[in-house]
Visitor: 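Can you read through this structure? Questions will come right after.
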There are 4 protein chains.
Amino acid sequence: MGDGVTAARRSPGRPRRADAERRILDAAIDEYLERGASGFTIDGVARRAGVGKSTVYLRWPDRDTLLVDSVLARSRAIEDVDTGSLRGDLVALSVNMLRFLLDPVGFATLRLTVEAVASGSTREVTTGVADRHRRAAGLVLARAAERGEPVNPGTQARVVECLYGAITMKALAHGLETDATSEATIVAACVELVDLLLPLLLEHVRPPPDPAR
Amino acid sequence: MGDGVTAARRSPGRPRRADAERRILDAAIDEYLERGASGFTIDGVARRAGVGKSTVYLRWPDRDTLLVDSVLARSRAIEDVDTGSLRGDLVALSVNMLRFLLDPVGFATLRLTVEAVASGSTREVTTGVADRHRRAAGLVLARAAERGEPVNPGTQARVVECLYGAITMKALAHGLETDATSEATIVAACVELVDLLLPLLLEHVRPPPDPAR
Amino acid sequence: MGDGVTAARRSPGRPRRADAERRILDAAIDEYLERGASGFTIDGVARRAGVGKSTVYLRWPDRDTLLVDSVLARSRAIEDVDTGSLRGDLVALSVNMLRFLLDPVGFATLRLTVEAVASGSTREVTTGVADRHRRAAGLVLARAAERGEPVNPGTQARVVECLYGAITMKALAHGLETDATSEATIVAACVELVDLLLPLLLEHVRPPPDPAR
Amino acid sequence: MGDGVTAARRSPGRPRRADAERRILDAAIDEYLERGASGFTIDGVARRAGVGKSTVYLRWPDRDTLLVDSVLARSRAIEDVDTGSLRGDLVALSVNMLRFLLDPVGFATLRLTVEAVASGSTREVTTGVADRHRRAAGLVLARAAERGEPVNPGTQARVVECLYGAITMKALAHGLETDATSEATIVAACVELVDLLLPLLLEHVRPPPDPAR
DNA sequence: CTTTAAACGAGACGGTACGTCGGGTCTTACA
DNA sequence: TGTAAGACCCGACGTACCGTCTCGTTTAAAG
């Protein structure tokens with residue numbers, strides 16, 4: 001009789017525990033970081049989350065899916081940046097990404113991406129995070145164009161690829177010597193990189209020297 | 001004048017089967033390619049190699065180590081290239097690497113490198129293959145300098161990082177849609193990339209434009 | 001007045017398969033009889049019982065314990081006998097025991113008893129079967145006394161010991177020439193033995209002759 | 001030219017180490033007593049004996065045979081006894097045997113006899129020790145007959161069977177509560193037993209009461 | 001002295017079972 | 001209907017031992 005609200009028709013039976021999903025994801029990521037991929041166990045996750053195995057299997061179909069989800073759940077916000085200049089934005093973007101990859105969870109995202117590609121998993125998984133980064137870069141470049149900076153649309157995609165690729169290489173090289181890499185080092189490396197690539201983004205950079213060949 | 005008695009003192013007991021190591025590694029890589037990482041089983045490898053489990057465990061301490069070794073054993077020769085010009089060499093190098101990464105074994109090398117970095121494994125594992133690539137690039141650049149091409153030593157390392165990084169990104173993007181990527185596509189992508197980055201390697205490219213900011 | 005609520009609080013979780021225990025024990029004894037003690041294998045038992053190995057290990061801690069239990073489970077009923085006379089009862093008792101020991105399962109009981117004594121196992125194992133025999137003998141003698149037969153309580157225990165001991169010796173001597181020992185032979189041997197020892201059970205047999213010495 | 005002596009034609013090649021056999025047997029029995037039948041290992045024996053596995057396999061065909069031999073090698077001398085009287089001899093014999101069975105090595109002999117019977121091994125194994133005992137008893141009785149003691153040849157075998165059987169039962173009952181059973185207890189038990197059975201050996205014991213049956 | 005032949009230690013080999021552990025499914029009693 | 005508990009079948013793990021094999025070395029006797 002007109003309870004009015006569209007209150008989603010509550011299904012019968014015991015309602016799902018509200019916090020279960022979060023508790024499981026948290027437990028999962030912790031287990032992964034502590035014990036690694038091969039030590040990552042559904043039993044272990046359920047135990048740590050204080051939850052029955054069936055509660056896990058009710059939400060995720062298998063071990064791998066849970067692993068992926070738990071990592072992705074943590075690699076959230078690639079906050080948008082806006083420093084007012086293209087160079088500043090690109091540096092900020094790079095620093096964000098390098099910082100992300102040097103963090104255990106961020107690096108885990110890379111691991112999973114690679115694994116997902118290898119096992120031919122769903123597009124979502126393989127490209128989820130990468131897309132977020134790409135979109136952020138697109139935004140920055142679009143804004144630059146609006147501001148009148150002479151961005152060359154022809155090289156744009158390739159330069160972004162180089163930028164992110166180089167940062168990934170750096171992350172692989174540094175590994176996870178966790179604290180060793182100070183904030184200053186990170187910023188310096190990114191500035192260097194952006195300053196190297198920036199000319200390629202600007203209109204007046206003439207196409208390759210080409211003649212001889 | 002005496003053979004110098006340097007003859008390595010043979011250890012006692014029955015000598016190890018000479019071919020066992022190779023047979024196991026071959027069986028291992030085959031199992032890996034057929035069944036994937038999670039279906040990779042010591043029992044299976046031993047069975048396929050026609051060898052007892054103990055013979056495997058005598059040489060490798062555990063499943064993971066064998067997996068890594070068997071993959072690395074296959075990612076051997078990054079053959080040196082010499083086309084006569086810097087541009088040609090870089091293209092050849094890039095094509096080699098992209099082709100390598102699009103091959104199951106090559107991609108597996110990437111996977112393992114990432115895993116190894118994550119678990120803080122031995123330097124050898126993490127950098128073995130990467131170093132070979134880096135050395136090949138060094139050679140190419142050194143030769144270009146000898147020929148008198150105006151290579152800028154200041155940007156060299158970073159440009160190589162960009163090149164390899166971008167190729168890795170491409171490999172991740174294409175995934176293993178194995179046959180989808182024809183030789184032509186590969187070459188085209190590499191040429192494009194090299195032509196984008198080459199100017200940054202040449203002396204007369206002035207350091208970052210920088211003016212304001 | 002209340003059912004007393006003594007109802008054993010059912011433990012949570014899926015209840016154990018009711019028939020698993022029996023199936024495993026049956027499979028175990030069969031494997032034992034077919035393949036002998038050294039061919040007795042947990043894997044084999046599980047396979048034959050159509051059960052997972054973990055289901056076995058959930059109930060028995062290891063191979064040996066399962067072997068003992070499965071044999072003991074079969075050496076059940078030492079049926080009571082009542083022929084109306086002491087001599088008849090003793091003969092029946094002896095025949096029962098000799099027949100039991102000449103049967104594979106019965107002999108296995110002897111083996112296990114000896115092994116259990118050697119390894120200092122639980123009392124139950126070492127004396128379980130022996131006690132049943134002893135009790136049966138006690139019953140027979142008690143009944144004889146009730147009937148008025150002049151049983152000498154002083155020699156009773158020792159005579160029973162002699163009787164069972166001699167039968168064990170016979171079993172060891174005959175070994176398991178399974179069919180070789182016909183029912184007639186068994187009975188004859190037992191009659192002979194009982195007739196030898198019976199006088200020692202009766203009151204009027206005076207204690208050892210002793211005189212000189 | 002008749003060197004006369006039957007000097008066993010020495011075979012060529014390096015002669016067998018003289019002490020190896022003994023060292024192996026000693027190591028074997030020690031391992032058996034320490035670790036039990038299932039922990040008895042050829043590798044372990046060889047290691048403890050300071051000998052290569054091949055040296056063991058050169059002398060014994062397999063684990064079980066070595067186990068049997070090593071135990072039998074220790075259950076040597078059932079020294080003959082001669083106290084001057086039948087009763088004294090029988091008591092001495094019984095005490096010897098009970099003492100033997102309460103000793104770890106002696107009990108092991110019993111274990112092996114049982115096992116050997118069960119697995120239908122060679123006669124020698126199954127009856128080796130038993131025969132020695134039987135022969136000793138035969139000697140004692142023969143001597144008594146010579147001395148003119150009225151031994152009944154008809155009951156002789158069965159009485160000996162009872163005697164040894166009863167002693168075996170006692171050994172099984174006492175188990176290996178090693179020190180618990182003092183020398184005095186052993187002797188007392190044997191005297192009691194002999195005094196119970198002795199009358200059955202003497203002529204004047206009339207045959208079973210029989211009539212009713 | 002040299003040859004021949006066996007014993008010896010060491011330890012690798014192909015198998016096979018051990019007892020443990022995890023995956024993913026199922027079944028119960030409660031909530 | 002969800003949940004915790006936990007049993008279920010399966011199969012891999014890494015270890016240990018079996019009995020066999022292959023080495024290089026040692027030891028005597030025969031030539």
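Quick note: numbers below take in every heavy atom, side chains included, and nothing from hydrogens, waters or symmetry partners. Just so it is clear: chains get the letters A, B, ... in the order the sequence lines come, proteins before strands, and each one is counted from 1.
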Visitor: Testing the basics here: between F107(A) and V114(B), what is the closest heavy-atom pair and its distance to 0.1 Å?
Guide: CE2-O, 3.6 Å
Visitor: Tell me the interatomic distance from E21(A), atom CD, to dG2(F), atom P, rounded to whole angstroms.
Guide: 13 Å
Visitor: By nearest nucleotide on DNA chain E, pick out whichever of F40(A) and G13(C) is the more 5' one.
Guide: F40(A)
Visitor: Closest to the R14(B) side chain: dC13(F), dT25(E), dG11(E)?
Guide: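 Output: dG11(E).
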Visitor: For I24(A) and dG2(F), give me the distance from atom CD1 to atom C1', rounded to whole Å.
Guide: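 For the pair I24(A) CD1 and dG2(F) C1', the rounded distance is 12 Å.
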Visitor: Specify the separation, in whole Å, of atom CD of E31(C) and atom P of dA17(E).
Guide: 10 Å
Visitor: What closest approach, in Å, do G50(B) and R17(B) show between heavy atoms, and which atom pair accounts for it?
Guide: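 The pair with the smallest heavy-atom distance is O-NH1, 4.3 Å.
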Visitor: How close do R63(C) and F40(C) get, counting heavy atoms only, and between which atoms?
Guide: NH1-O, 2.7 Å
Visitor: Mind listing the residues from residues 44-64 of chain C sitting with a heavy atom below 4.0 Å of DNA chain E? Number order is fine.
Guide: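 When residues 44-64 of chain C is checked for heavy atoms under 4.0 Å from DNA chain E, the hits, listed by number, are K53(C), Y57(C), D62(C), R63(C).
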Visitor: So if I take every side-chain heavy atom of R16(B) and compare against dC13(F), dC13(E), dC18(F), which nucleotide ends up nearest?
Guide: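 Selected nucleotide: dC13(E).
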Visitor: Take the protein atom CD1 of I42(B) and the nucleotide atom C1' of dG11(F), then report the distance between them rounded to whole Å.
Guide: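 Rounded to whole Å, this separation is 15 Å.
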Visitor: Do NZ/NE/NH1/NH2 and the carboxylate oxygens of R47(C) and E31(C) come within less than 4.0 Å?
Guide: no
Visitor: Minimum heavy-atom separation for A49(A) and I24(A), please, with both atom names.
Guide: CB-CA, 4.1 Å
Visitor: Could you walk me through whether R74(A) and D26(A) pass the salt bridge (charged side-chain N to carboxylate O under 4.0 Å, His left out) check?
Guide: CA-CA 9 Å; R74(A) 274 283 180 62; D26(A) 287 351; 3.7 Å; yes
Visitor: Quickly work out the D43(D) CG to dA10(E) P distance and round it to whole Å.
Guide: 13 Å
